[in-house]
> 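Submitted below is the structure of interest, expressed as structure tokens.
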Protein chains: 2
Amino acid sequence: MASIKDVAELAGVSKATVSRVLNNTGQIREGTRARVHKAMEKLNYRPSPLAKSLATSSSNTVGLVVTSYRGHFYSELMAEVQEEMEVQGKFLLVSRGKRSRSSEQEAIQRLTDMCCDGLILHTRNMFDEDLVDLSKGSTPFVVLDRSVKDLEDRSIVYDHTLAGKMAVEHLLEKGHRKIACIAGPRSRMTAALRFDGYVQALESYGISVDESLVAEADYDRLGGYRAMKDILERQPDITAVYSCSEEMTVGAFDLFRERGINLPGDISIISFDSVSLCTMLTPQVSTVHFPIKEMAAESARVLTALMHGEQDVQPQRFIPELRLRDSVREI
Amino acid sequence: MASIKDVAELAGVSKATVSRVLNNTGQIREGTRARVHKAMEKLNYRPSPLAKSLATSSSNTVGLVVTSYRGHFYSELMAEVQEEMEVQGKFLLVSRGKRSRSSEQEAIQRLTDMCCDGLILHTRNMFDEDLVDLSKGSTPFVVLDRSVKDLEDRSIVYDHTLAGKMAVEHLLEKGHRKIACIAGPRSRMTAALRFDGYVQALESYGISVDESLVAEADYDRLGGYRAMKDILERQPDITAVYSCSEEMTVGAFDLFRERGINLPGDISIISFDSVSLCTMLTPQVSTVHFPIKEMAAESARVLTALMHGEQDVQPQRFIPELRLRDSVREI
DNA sequence: TTGTATGCGTTATCAT
DNA sequence: ATGATAACGCATACAA
């Protein structure tokens, strides 16, 4: 690989001059510029990003840390950020915090050590104060789907509780009273919030929650299948289900299909949805939409603004939105 | 940020010594080692990956180049490679070749400039000879889902034509004769191959292809919807459909749902499938499985072997496999 | 307008 | 067992 030195020699100038034409900085005579260009051409010269980063401590990359890679949700998240960043000409470095405070911090450190120009954090286990500490450093970052006090201008947030409440209230309005809940692992913040929505909606109708109506499961297809099965065993006469994730909903449908249960005739269902899995099912299921895609894109945009040194960025607010389809009937 | 120099000074040794304890190379007295460690601790020292890369021309990252980020397929591909690489402690750098020979080559150059230790290429537009040229360089790489002559030991391949043939023959065996084909963009290699499978299967039954039975569409949901609509307009009395991608199948189902078309009563369908979208549909649709996930993982493993300097790696062969479910009826 | 010299944080080759 | 020192490829402050 030809280096800047080779180009300089061939063009009969100094390295500094080559560097100048490279970055379009300073004044250079047209003649020498041409000579340098020709030399670069001839040597098929390409600057080393590594050396440049070392010299400037900026790397033209941004880091993304997530808690998992598995599943449509994270795939979509990664892809979206990736695409948005490419527009900025930035590379994306992805790292995973393995569901613990320390591993999340470690991931962040690795990324900053690599001189990422910015960070997008979808971390669930770090404390708010950790994030606030981080904000004292020089690397700009945004937090995705998490509201951090004092970091509002870098938080891309969504009100999971309200979303859940709206979903369950819809069921309530349609006359359902015996409403099951397929909940995510309650150790996870957003899962807990979504469950809160269930509780609040019920309370607003003067109904207290019956624990035998709720099952906690992993946020995936099999989890949904099992949860639905458990609930139906305990409470065969439910009329509606509130599912806290689309993949769990797909799992529930596996059971419905297996048992010949009819929707919405026998059971109504409403679900969270991010990647439109719910519109592939038959009947298409009514959802509260959790717009991870748009939020990921927004996080990329906000980060870009931050990296450009813009002040007072106002992250877009994402409001829960009901998407009514064919899986809920009136009773 | 503390550098190796700071550590050396604090520990009262030279930079070289610090470097040695860092990499566990050479012999060092226990006492000094301890002192160095303490100094590192105290300064919260972390080595700069950038400087290390510059010095060693290796970066602890691998590059992945794909043609798109959109859709479940690519998402899954990225996520799988990502996860597999993390096990090796490698970072992943993703870049996109925008469906042209030159942009794919450009992406590769950027990645090699960053001193990636290895490359995974899911490129469709470069020529075989480009790849062969590349193989003369020093960066190990593998090609995903493409068979390159003279590069068999780095090609993770799948027989799309055979897969398509098997799918259509299944339809044929069940008595179907008027079989529509929802094809991908024929400019794309694998789409063309899958279509070939259709042609071959038909020929083996002495049937010549009727172009009005086939529609070419984008490899996505909307494409499938439109293609299905077009075909039904021209040929309302088809009995079966061969769909070349799962997302197109989802789109076809959108139309079926809209029109109240019954499966497999009115129409039978068989589809390619990679991300199990087809098992979410009702009825679950019979498929030929294109195991992109496993192939992505295999590509990561083969690359790892290559990077470790192993010779004679034999990439696993992936054989098309029919997964019969409930979307095809006998007539 | 251009050149010189130094620094960025490592590794690696010689010495000692 | 340890230290000096030269790379690695670029940017940049200071001279000229």
Side-chain angles (χ1 to χ4, degrees), chain A residues 1-40 43-61 109-117 138-139, chain B residues 1-40 43-61 109-117 138-139:
Chain A
M1 274 298 305
S3 83
I4 201 173
K5 192 182 160 202
D6 304 315
V7 177
E9 282 170 3
L10 181 58
V13 297
S14 75
K15 295 193 294 176
T17 302
V18 177
S19 177
R20 289 191 189 97
V21 342
L22 210 51
N23 302 300
N24 263 312
T25 164
Q27 308 283 309
I28 25 198
R29 197 176 305 161
E30 265 318 310
T32 57
R33 180 195 297 278
R35 286 213 314 286
V36 170
H37 273 132
K38 193 151 52 176
M40 297 200 305
L43 294 174
N44 188 22
Y45 167 76
R46 294 190 314 273
S48 154
L50 247 41
K52 179 165 186 163
S53 293
L54 187 57
T56 62
S57 41
S58 77
S59 64
N60 210 34
T61 66
Q109 287 223 331
R110 290 219 292 171
L111 257 11
T112 53
D113 287 348
M114 299 182 86
C115 278
C116 282
D117 299 338
S138 59
T139 309
Chain B
M1 273 297 305
S3 82
I4 201 173
K5 190 182 162 202
D6 305 315
V7 176
E9 281 170 5
L10 182 58
V13 298
S14 74
K15 296 192 297 176
T17 302
V18 177
S19 178
R20 288 194 187 94
V21 343
L22 211 51
N23 302 299
N24 263 312
T25 163
Q27 307 283 310
I28 26 198
R29 198 175 305 159
E30 265 319 310
T32 58
R33 179 194 299 276
R35 285 212 315 286
V36 170
H37 273 132
K38 194 151 49 176
M40 298 200 305
L43 295 173
N44 188 23
Y45 167 74
R46 294 189 315 274
S48 154
L50 245 41
K52 179 164 185 163
S53 293
L54 187 58
T56 61
S57 41
S58 77
S59 63
N60 209 36
T61 66
Q109 287 221 331
R110 289 221 289 172
L111 258 10
T112 52
D113 288 346
M114 300 183 83
C115 277
C116 283
D117 299 338
S138 59
T139 309

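Computed over heavy atoms, backbone and side chain alike; hydrogens, waters and symmetry mates excluded. In what follows, every chain begins at residue 1, and chains take the letters A, B, ... in the order their sequences are listed.
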> Treating B:Arg35 as the side-chain partner and B:Ala11 as the backbone partner, does any N or O pair qualify as donor plus acceptor under 3.5 Å?
yes
> For B:Met1 and C:dT10, give me the distance from atom CE to atom C1', rounded to whole Å.
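It is 13 Å, rounded to the nearest whole Å.
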> Quickly work out the B:Ile4 CD1 to C:dA12 P distance and round it to whole Å.
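In whole Å, C:dA12 P and B:Ile4 CD1 are 11 Å from each other.
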> Judged by atom type as modelled, is there a donor-acceptor pair below 3.5 Å linking the side chain of A:Ser53 to the main-chain atoms of A:Ser58?
yes
> Looking at every heavy atom in both A:Thr112 and B:Arg46, which two are closest together, and how far apart are they?
OG1-NH2, 4.2 Å
> Roughly how far apart are B:Ser59 OG and B:Leu54 CG, rounded to 0.5 Å?
11.5 Å
> Supply the atom-to-atom distance B:Ile4 CD1 to B:Leu22 CG, rounded to the nearest 0.5 angstrom.
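Reported value, rounded in 0.5 Å steps: 6.0 Å.
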> To the nearest 0.5 angstrom, please state how far the CE atom of B:Met1 sits from the CG atom of B:Asp6.
9.5 Å
> From the 5' end of DNA chain D to its 3' end, which nucleotides mark the outer limits of contact with chain B, defined by a 4.0 Å heavy-atom distance cut-off (strictly under)?
D:dA1 to D:dG9
> Dump every N/O contact between nucleotides 2-6 of chain C and the protein below 3.5 Å, one line per pair.
residue : atom : partner : partner atom : Å
C:dT2   : OP1  : A:Thr32 : OG1          : 3.1
C:dT2   : OP2  : A:Arg29 : N            : 2.8
C:dT2   : OP2  : A:Thr32 : OG1          : 3.0
C:dG3   : OP2  : A:Ser14 : N            : 2.9
C:dG3   : OP2  : A:Ser14 : OG           : 3.3
C:dG3   : OP2  : A:Thr17 : OG1          : 2.6
C:dG3   : N7   : A:Arg20 : NH1          : 3.4
C:dG3   : N7   : A:Arg20 : NH2          : 3.4
C:dG3   : O6   : A:Arg20 : NH2          : 2.3

> Would you indicate whether the side-chain heavy atoms of A:Lys52 and A:Asn23 approach each other to under 4.5 Å?
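They are in side-chain contact.
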> So, does B:Asp113 use its side chain to make a donor-acceptor pair with the main chain of A:Ser48 at under 3.5 Å?
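It does not hold such a pair.
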> Within the 4.5 Å heavy-atom criterion, are B:Val13 and B:Val36 side-chain neighbours or not?
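Of all side-chain heavy-atom pairs linking B:Val36 with B:Val13, at least one is under 4.5 Å.
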> Within residues 46-54 of chain B, which residues have any heavy atom lying less than 4.0 Å from an atom of DNA chain D?
B:Leu54
> What closest approach, in Å, do A:Leu10 and A:Leu43 show between heavy atoms, and which atom pair accounts for it?
CD2-CG, 3.9 Å
